[in-house]
Amino acid sequence: MSACTDRLLLYCRAGFEQECAAEILERAAALGVAGQVEARPEAAFVVFVPNTAENLLPLRKRLRFASLTFARQLIFTTAPALELPVGDRISVLLNCARRLSERFSTLVLDYPDTNQGKRLSTFVRKFAPLFRQALERSTRLDDPQAPRLHLFWLSSAAAYVGLSIPGNSSPWPLGIPRLKLPRGAPSRSTLKLEEAFQTFLENPPQALRPGLTAVDLGAAPGGWTWQLVRRHIHTVAVDNGPLDPALLESGLVEHRRTDGFRYRPAKPVDWLVCDMLEQPARIAALVGDWLARGWCRHAIFNLKLPMKKRYEEVQRCRSLIEARLRPKGIRCRLAFKQLYHDRAEVTGYATLS
Ligand SMILES: C[S@@+](CC[C@H](N)C(=O)[O-])C[C@H]1O[C@@H](n2cnc3c(N)ncnc32)[C@H](O)[C@@H]1O
């Protein structure tokens, strides 16, 4: 990784800059790195600048993208190249890129996920092949071990040039997986669980083998159950509301019209998934309980965040689950991510180790 990078660029959902900033400040401090954050409201990105440039080193070595909840992408970068001259953007950007590395695995052109950012998409689409051609003349763009090169456009005259590390960043442009609503899925919510599987599980996911068992709490109309059924996972769908009849005809679904907080599985299942609209702390306590009692091995659950103190709320939910498991000596990997298909929510993933 190039020594030229001196700051971090993190993409996030517009409106969640404060949470993203609070998280990176805390995470960097835990790795011994003090710094400042530049975060404009609704900008959909934040920049973390360590107090001294060398201080980026511990973050390069030890900051894990998967451990960040509010960041959609993690880029090592420098101050943006401003005032890119209209006739000569390419050479300014090439110079920046060459200072970062001589080889890349690929080139990614991004912009903030905002209405203003989206207006840059046409410009970016036209610019990409021109820049790629110029880049290929002087650097290698096909080394899978090398970092990805990102141009993150703020306007057609200003862009960050930076690097992301395969395996420690999002693989998707803008940090957003492009998922199409599958035909036959009973609700758009189905995309949340699909994205969660793609985000948290290795590929191909061992934990989603056909023949496994699951409970879906707050299942109606059945978008999450649909994701399980299409993987041939036997599912108990718990909800007082109606389920899509096609799911019931699959022969893989049992519908239980009862309260998800009172439901008890007849025997342990592989998966608990939970999308009930409830206070986050109540959901976290419930998930902790299922894991502590050995009722499930893996869980994916949605936490609907309050208007304020959203970062603190996620930390509180994490602590609740950990506090439930610790006295029993149960080891668990726990991760939270604000997914693209989440709104004012985050998705949690827990798996016993
Ligand atoms: C956001 S919807 C779930 C959507 C579903 N995941 C899908 O993909 O179609 C929330 C559901 O939680 C259910 N729910 C809320 N509180 C519940 C509870 N205490 N017990 C069972 N279901 C509950 C509601 O009836 C509602 O159907």
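Just follow the structure's listing: the first ligand is 1, and inside any ligand the first atom is 1. By convention here, the first residue in the shown sequence is residue 1.
- Ring pair Trp172/Tyr11: centre-to-centre distance not below 6.0 Å.
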Ligand-protein N/O pairs under 3.5 Å (ligand 1):
unit_1: ligand 1; atom_1: 6 (N); unit_2: Asp275; atom_2: OD2; d: 2.8
unit_1: ligand 1; atom_1: 8 (O); unit_2: Ser187; atom_2: OG; d: 3.1
unit_1: ligand 1; atom_1: 8 (O); unit_2: Gly223; atom_2: N; d: 3.1
unit_1: ligand 1; atom_1: 8 (O); unit_2: Trp224; atom_2: N; d: 3.1
unit_1: ligand 1; atom_1: 9 (O); unit_2: Ser187; atom_2: OG; d: 2.8
unit_1: ligand 1; atom_1: 9 (O); unit_2: Pro221; atom_2: N; d: 3.4
unit_1: ligand 1; atom_1: 9 (O); unit_2: Gly222; atom_2: N; d: 3.1
unit_1: ligand 1; atom_1: 9 (O); unit_2: Gly223; atom_2: N; d: 2.9
unit_1: ligand 1; atom_1: 19 (N); unit_2: Asp259; atom_2: OD1; d: 2.9
unit_1: ligand 1; atom_1: 20 (N); unit_2: Gly260; atom_2: N; d: 2.7
unit_1: ligand 1; atom_1: 25 (O); unit_2: Asp239; atom_2: OD1; d: 2.8
unit_1: ligand 1; atom_1: 25 (O); unit_2: Asp239; atom_2: OD2; d: 3.4
unit_1: ligand 1; atom_1: 27 (O); unit_2: Ala220; atom_2: O; d: 3.2
unit_1: ligand 1; atom_1: 27 (O); unit_2: Asp239; atom_2: OD2; d: 2.7

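- Taking the six-membered ring where the residue is Trp, the centroids of Phe152 and Tyr111 are separated by 6.0 Å or more.
- In this structure, Leu57 stands alone, with no Ile, Leu, Val, Met, Phe, Trp or Tyr side-chain heavy atom under 4.5 Å from its own, directly or through other members.
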Table please: side-chain donor-acceptor pairs of residues 113-135 below 3.5 Å, with sequence neighbours left out.
unit_1: Asp113; atom_1: OD2; unit_2: Arg72; atom_2: NH1; d: 2.9
unit_1: Thr114; atom_1: OG1; unit_2: Gly117; atom_2: N; d: 2.8
unit_1: Ser121; atom_1: OG; unit_2: Lys118; atom_2: O; d: 2.9

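- Legend: residues meeting side-chain contact (heavy atoms from CB on, under 4.5 Å) with Arg140, ordered by chain and number and at least two apart, are Arg103, Asp142, Asp143.
- Counting only heavy atoms from C-beta outward, the side chains of Ser156 and Arg89 approach each other to under 4.5 Å.
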